[in-house]
Amino acid sequence: MSLVDTYKLNNGVEIPILGFGTWQSANGDVAYQSVRWALAAGYRHIDTAAIYGNEESVGRAIKDSGIARDELFITTKLWNDSHSYEKALLALDTSLEKLGLSYVDLYLIHWPNPVAIQKQGKDAWIHANAEAWRAMEEAYKAGKTRAIGVSNFQIEHLEALAKTQHVAPMVNQNFLNPSDSQDELVAYNKAHGILNEAYSPLGTGKLVNLPQVINLSKKYNKSVPQILIRWSLDKGFLPLPKSTHEKYIQSNADVFDFALTSSEINSLDELTGVGGFHTEASSADF
Ligand SMILES: NC(=O)c1ccc[n+]([C@@H]2O[C@H](COP(=O)([O-])OP(=O)(O)OC[C@H]3O[C@@H](n4cnc5c(N)ncnc54)[C@H](OP(=O)(O)O)[C@@H]3O)[C@@H](O)[C@H]2O)c1
């Protein structure tokens with residue numbers, strides 16, 4: 001395994017097995033420089049979102065890297081202000097313009113139940129997601145994105161979407177780390193051919209010094225973050241570690257010369273709750 005190895009999505013598109021996160025990487029020098037470092041370190045998969053506000057810097061870093069577009073895998077996401085057919089089409093065009101790209105590789109619905117939709121009624125999210133998805137299917141067919149998917153969708157959201165979708169989601173991106181391994185959701189995604197992407201693989205930094213991982217860290221001569229990223233890969237997830245420091249960016253990708261045993265994976269699975277849990281979609285206040 002290496003940074004350029006891929007999983008195959010349910011439409012045949014290949015996606016590099018480890019991606020680079022950019023949430024909270026400020027637009028401007030920070031996002032630009034961290035994406036440049038990631039690309040120089042060999043990452044070929046970058047995860048951004050309209051709400052991160054850094055698509056322009058991410059796009060500039062991609063362009064300045066000189067790496068051929070077809071060697072890269074770029075994801076962005078539909079924010080919570082655009083859950084309708086017209087707004088979703090417009091949102092993707094706006095993201096493409098900011099990124100300076102003619103297509104992205106993956107476009108995701110960021111959240112299933114934004115607060116603005118909750119205010120329209122208890123079940124308003126069902127229609128809102130169906131309409132946003134209709135636009136995404138159209139964008140997919142038009143070649144503006146090579147794959148489409150969702151994020152933070154629980155089983156009820158996936159099942160509701162399945163009633164109207166013509167194209168099934170290829171990815172579900174979720175909070176996944178030893179603190180919250182969301183086993184039921186992960187199994188559901190897997191059974192339905194939906195790739196499990198793992199966001200916050202380091203618990204947004206809360207897990208990077210976890211004392212319970214020190215023994216494994218010593219055994220493999222790897223940092224705690226490297227062990228956590230390896231756990232994610234060994235679970236069959238696609239981890240998306242984020243950093244703004246060159247040495248962390250490099251070391252987070254240096255995870256292909258060891259593997260955890262099944263009992264070590266199980267011992268990490270038992271760390272439930274140490275770094276918090278995923279946000280329940282229905283209680284999200286954004
Ligand atoms: N779809 C969604 O709703 C959603 C939600 C959250 C995240 N995501 C995606 O997933 C990505 C990753 O999740 P995340 O941003 O929550 O955080 P994360 O990758 O779990 O952790 C990032 C934090 O850990 C620190 N860190 C990284 N590598 C380290 C190392 N080797 N040693 C010590 N500290 C290290 C970073 O510090 P520095 O930055 O200071 O280096 C940062 O504070 C996001 O950037 C985003 O692309 C998606």
Side-chain angles (χ1 to χ4, degrees), residues 16 18-27 29-35 37-38 41 43 45-55 57-58 61 73-80 95 104-114 149-154 157 169 171-182 185 189 195-210 213-214 217 222-233 237-255 271 274-281 284-286:
L18 195 148
F20 182 65
T22 64
W23 178 41
Q24 304 186 105
S25 295
N27 200 37
D29 290 349
V30 175
Y32 176 82
Q33 191 56 69
S34 53
V35 174
W37 281 329
Y43 293 76
H45 173 176
I46 310 290
D47 183 84
T48 183
I51 191 63
Y52 301 170
N54 58 17
E55 289 171 310
S57 303
V58 170
F73 193 100
I74 312 299
T75 300
T76 194
K77 313 186 191 87
L78 176 83
W79 187 236
N80 291 352
S95 285
V104 285
D105 297 279
L106 177 63
Y107 196 47
L108 303 176
I109 299 184
H110 206 145
W111 277 92
N113 193 1
V150 295
S151 180
N152 299 296
F153 271 46
Q154 292 293 319
H157 307 115
V171 164
N172 191 3
Q173 181 182 120
N174 281 284
F175 183 86
L176 288 175
N177 56 51
S179 185
D180 190 359
S181 52
Q182 302 208 54
L185 175 64
N189 287 334
L195 179 71
N196 283 294
E197 285 193 352
Y199 78 64
S200 305
L202 314 176
T204 318
K206 279 190 198 150
L207 306 178
V208 299
N209 294 313
L210 209 59
V213 186
I214 301 284
S217 170
K222 291 284 174 185
S223 67
V224 170
Q226 287 170 325
I227 300 285
L228 295 172
I229 293 164
R230 189 66 229 186
W231 172 89
S232 196
L233 290 167
F237 304 159
L238 190 157
L240 300 165
K242 170 262 181 185
S243 174
T244 53
H245 293 91
E246 187 176 18
K247 74 173 178 19
Y248 293 161
I249 291 169
Q250 289 168 345
S251 68
N252 290 346
D254 179 15
V255 293
L271 297 177
V274 289
F277 295 95
H278 69 278
T279 303
E280 280 299 338
D285 57 354
F286 44 82

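Counting starts at 1 for both ligands and their atoms, following the listed order.
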Legend entry - Non-hydrogen side-chain atoms of Ile214 and Val224 separated by less than 4.5 Å: yes
Inset, instruction - Could you please spell out the steps behind the ring-ring contact (aromatic ring centres under 6.0 Å, His included) verdict for Trp37 and Tyr43? - result: CA-CA 9 Å; Trp37 281 329; Tyr43 293 76; over 10 Å; no
Which pairs of N or O atoms, one from ligand 1 and one from the protein, are separated by less than 3.5 Å, and what is the distance for each pair?
residue, atom, partner, partner atom, Å
ligand 1, 1 (N), Ser151, OG, 2.8
ligand 1, 1 (N), Gln173, OE1, 2.9
ligand 1, 3 (O), His110, NE2, 3.2
ligand 1, 3 (O), Asn152, ND2, 2.9
ligand 1, 8 (N), Tyr52, OH, 3.4
ligand 1, 13 (O), Ser200, N, 3.0
ligand 1, 16 (O), Ser200, OG, 2.7
ligand 1, 16 (O), Thr204, OG1, 2.8
ligand 1, 19 (O), Lys242, N, 2.9
ligand 1, 20 (O), Pro201, N, 3.4
ligand 1, 20 (O), Leu202, N, 2.8
ligand 1, 20 (O), Gly203, N, 3.2
ligand 1, 20 (O), Thr204, N, 2.9
ligand 1, 21 (O), Gly205, N, 3.3
ligand 1, 28 (N), Asn252, ND2, 3.0
ligand 1, 31 (N), Asn252, OD1, 3.0
ligand 1, 39 (O), Lys242, NZ, 2.8
ligand 1, 39 (O), Thr244, N, 3.1
ligand 1, 39 (O), Thr244, OG1, 3.2
ligand 1, 40 (O), Thr244, OG1, 3.4
ligand 1, 40 (O), His245, ND1, 3.3
ligand 1, 41 (O), Ser243, OG, 2.6
ligand 1, 41 (O), Thr244, N, 3.1
ligand 1, 41 (O), His245, ND1, 2.7
ligand 1, 45 (O), Thr22, N, 3.1
ligand 1, 45 (O), Trp23, N, 2.8
ligand 1, 47 (O), Thr22, N, 3.3
ligand 1, 47 (O), Asp47, OD2, 2.6

Inset, instruction - Answer whether the closest heavy-atom distance between the side chains of Thr279 and Phe175 falls below 4.5 Å. - result: no
Inset, instruction - Measure the shortest side-chain to side-chain distance between Leu240 and His45 over non-hydrogen atoms and say whether it is less than 4.5 angstrom. - result: yes
Legend entry - Exam field: side chain Thr22 to backbone Ser25, donor-acceptor pair closer than 3.5 Å: no
Inset, instruction - Evaluate the side-chain proximity of Asn152 to Tyr199: yes if any heavy-atom separation is below 4.5 Å, no if none is. - result: yes
